[in-house]
Peer 1: 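Got a structure for you, written out below as structure tokens; questions coming shortly.
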Amino acid sequence: MTRLAQTAGLNDIQQEILSTVRDFVDKEIIPVATQLEHRDEYPTEIVEGLKELGLFGLMIPEEYGGLGESLLTYALCVEEIARGWMSVSGIINTHFIVAYMLKQHGTQEQKDTFLPRMALGEVRGAFSMSEPALGSDVSAITSKGVREGDEYVLNGQKMWLTNGGTSSLVAVLCRSDEGHPEGTAPHKSMTAFLVEKEPGFGEVRPGLTIPGKIDKMGYKGVDTTELIMDGLRIPANRALGGTTGRGFYHMMDGVEVGRVNVAARGCGVAQRAFELGVSYAQQRHTFGKPIAQHQAIQFKLAEMATKVEAAHAMMVNAARKKDSGERNDLEAGMAKYLASEYCKEVVEDAFRIHGGYGFSKEYEIERLYREAPMLLIGEGTAEIQKMIIGRRLLEEYRFQG
């Protein structure tokens, strides 16, 4: 074995795509990632390189100008990109959640309008569920879309948009009571609206403001923002799928893809942390020999490698389940939960192996140590994943007494 986290059963095209992405990561991302991250600078040149590789159209069907690849191929590419710099994988992730939602649930006109430009990376996607006061309680959404003639008027404040500033298309989840009588369950009176905007900050179109970047502990470079709608008017045909009341289901379908993505990011960051740890352990000497020859360090390396392999296997399983057309919320929840927790542990062990040098910004592990915690929260906390997993297990193992 020359490398951890290998994937069996890939065809020649998948292997070629992954080889190309891996080379790009090694040559174009890893050498500049820490410097850009410390400056909190958007990776413009890296993004342009990804556009040239066709990665913004990786899962978009060929009829719309994309490569028509599977979720598995996409997840493995994300794993490689996150190994270089997790923030870059976030730029790709939100774009693909929106593209996936359009592909699965959009009207033909919506697909024809957006997917070809998304495949080229000319239109960049973001999606928005969360709000300042609701956290994981999606049913508590207060942002609202009200029908007025041939338009919807949107009002409300959204939170934690990845790509909020650089995106030009945002899928926004709002309450929409039209056609849904009072007392309808909250998740049955929500709609995902497709909001076009100019990239940038401030008032990016009448009634829509992106206040600015949120300053974060890690996950820098990529812009994370709020979104404020104040009398924002959009055409009625920009309700995803051309109907109201299905937005919660559309978003949850997209989030399943997102959870596989977050699992893949966890795998990539953990893989890089292991590489840094095992390399440093062979260079650093104590008591007359490399610390890699001390049993305590070998135990750490063994545990780290095993966690990398286990997380990768669960991520691949979740992606393949989704590709098969089957329900995969159980597998996606398990993969996201395990990969994010193991990522945190592997990064911390690599940090410990580096000793005092791990605390220095000159060493890459310092950046990974600040990035890993985001994966514990993104696309649903560990507690949410365990709740999903527990409910699904009770469905599968219902007591028949």
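This one's a predicted model, so the numbers in the text were calculated from it and none came from an experiment.
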Peer 1: Side chains of K216 and T224 only: does a donor on one sit below 3.5 Å from an acceptor on the other?
Peer 2: yes
Peer 1: Quick check on K144: does its NZ atom have over 12 non-hydrogen neighbours (other residues, nucleotides or ligands) under 6.0 Å away?
Peer 2: no
Peer 1: Regarding T73 and Q14, is there a side-chain donor-to-acceptor distance under 3.5 Å anywhere?
Peer 2: yes
Peer 1: For the residue pair R392 and R327, what are the closest heavy atoms and their distance?
Peer 2: CD-NH2, 3.0 Å
Peer 1: May I ask you to check whether over 12 heavy atoms, not counting those of R205, lie within 6.0 Å of atom CZ?
Peer 2: yes
Peer 1: Hey, mind stepping through R352 and E348 against salt bridge (Lys or Arg N to Asp or Glu O under 4.0 Å) and telling me if it holds?
Peer 2: CA-CA 6 Å; R352 289 172 181 269; E348 181 169 339; 2.9 Å; yes
Peer 1: How about N11 and Q15: does a side-chain donor come under 3.5 Å of a side-chain acceptor?
Peer 2: no
Peer 1: Could you state the interatomic distance from NZ (K336) to CZ (R265), rounded to the nearest 0.5 Å?
Peer 2: 10.0 Å
Peer 1: Between K197 and S167, which heavy-atom pair has the shortest distance, and what is it?
Peer 2: NZ-O, 2.7 Å
Peer 1: Run the salt bridge (Lys or Arg N to Asp or Glu O under 4.0 Å) test on E226 and K213 for me, step by step, so that the C-alpha distance in whole Å, both residues' side-chain angles and the decisive distance to 0.1 Å come before the verdict.
Peer 2: CA-CA 8 Å; E226 299 175 70; K213 295 200 303 184; over 6 Å; no
Peer 1: Does CG belonging to D12 count more than 12 external heavy atoms closer than 6.0 Å?
Peer 2: no
Peer 1: Check A171 against V98 and note the closest heavy-atom contact, atom names and distance.
Peer 2: CB-CG2, 4.3 Å
Peer 1: Within the distance-only criterion (no hydrogens, no angle test), does the side chain of D323 pair as donor or acceptor with the backbone N or O of S70 below 3.5 angstrom?
Peer 2: no
Peer 1: Give the minimum heavy-atom separation between I60 and F96, together with the two atoms involved.
Peer 2: N-CE2, 4.2 Å
Peer 1: Please determine, by modelled atom types, if S176 and T191 share a side-chain donor-acceptor pair under 3.5 angstrom.
Peer 2: yes
Peer 1: So, H105 and D253: side-chain donor and acceptor under 3.5 Å apart, yes or no?
Peer 2: yes
Peer 1: How far apart are the C-alpha atoms of R124 and S168, what are their side-chain angles, what is the distance that settles it, and do they pass the side chain to side chain donor-acceptor pair (under 3.5 Å) test?
Peer 2: CA-CA 5 Å; R124 222 78 63 69; S168 47; over 6 Å; no
Peer 1: A quick test of your reading: do over 12 heavy atoms of other residues, nucleotides or ligands sit less than 6.0 Å from CG of D40?
Peer 2: yes
Peer 1: Do the side-chain N and O atoms of S143 and E131 include a donor-acceptor pair separated by under 3.5 angstrom?
Peer 2: yes
Peer 1: OG of S130 to CG of L173: how many Å apart, nearest 0.5 Å?
Peer 2: 10.5 Å
Peer 1: Taking all atoms of both residues into account, what is the closest heavy-atom pair of A33 and W85, and its distance?
Peer 2: CB-CB, 3.7 Å
Peer 1: Are any non-hydrogen side-chain atoms of E196 and R238 less than 4.5 angstrom apart?
Peer 2: yes
Peer 1: Before giving the answer on salt bridge (Lys or Arg N to Asp or Glu O under 4.0 Å), spell out for D215 and K220 the whole-Å C-alpha distance, their side-chain angles and the decisive distance to 0.1 Å.
Peer 2: CA-CA 8 Å; D215 193 17; K220 293 178 179 290; 3.4 Å; yes
Peer 1: If you look at every heavy atom in Y280 and I353, which pair is closest and at what distance?
Peer 2: CE2-O, 3.5 Å
Peer 1: Please determine which of I228, T225, V172 meets the side-chain contact (heavy atoms from CB on, under 4.5 Å) test together with K158.
Peer 2: V172
Peer 1: More than 12 heavy atoms of other residues, nucleotides or ligands under 6.0 Å from CZ of R39: is that the case?
Peer 2: yes
Peer 1: Would you say L393 has more than 12 foreign heavy atoms packed within less than 6.0 Å of its CG?
Peer 2: yes
Peer 1: Step through the shown structure and confirm whether more than 12 heavy atoms of other residues, nucleotides or ligands are within 6.0 Å of CD on E326.
Peer 2: yes
Peer 1: With no hydrogens and no angle check, just 3.5 Å: does a side-chain donor-acceptor pair link S279 and Q283?
Peer 2: yes
Peer 1: Using the salt bridge (Lys or Arg N to Asp or Glu O under 4.0 Å) rule, take R83 and D26 through it: C-alpha gap first, then chi angles, then the decisive distance, then the call.
Peer 2: CA-CA 9 Å; R83 176 180 152 266; D26 287 338; 2.9 Å; yes
Peer 1: Give a yes or no on this: more than 12 heavy atoms of other residues, nucleotides or ligands lie within 6.0 Å of atom CD of E109.
Peer 2: yes
Peer 1: Give the ring-plane orientation class for Y357 versus Y363, where under 30° counts as parallel, over 60° as perpendicular and anything between as tilted.
Peer 2: tilted
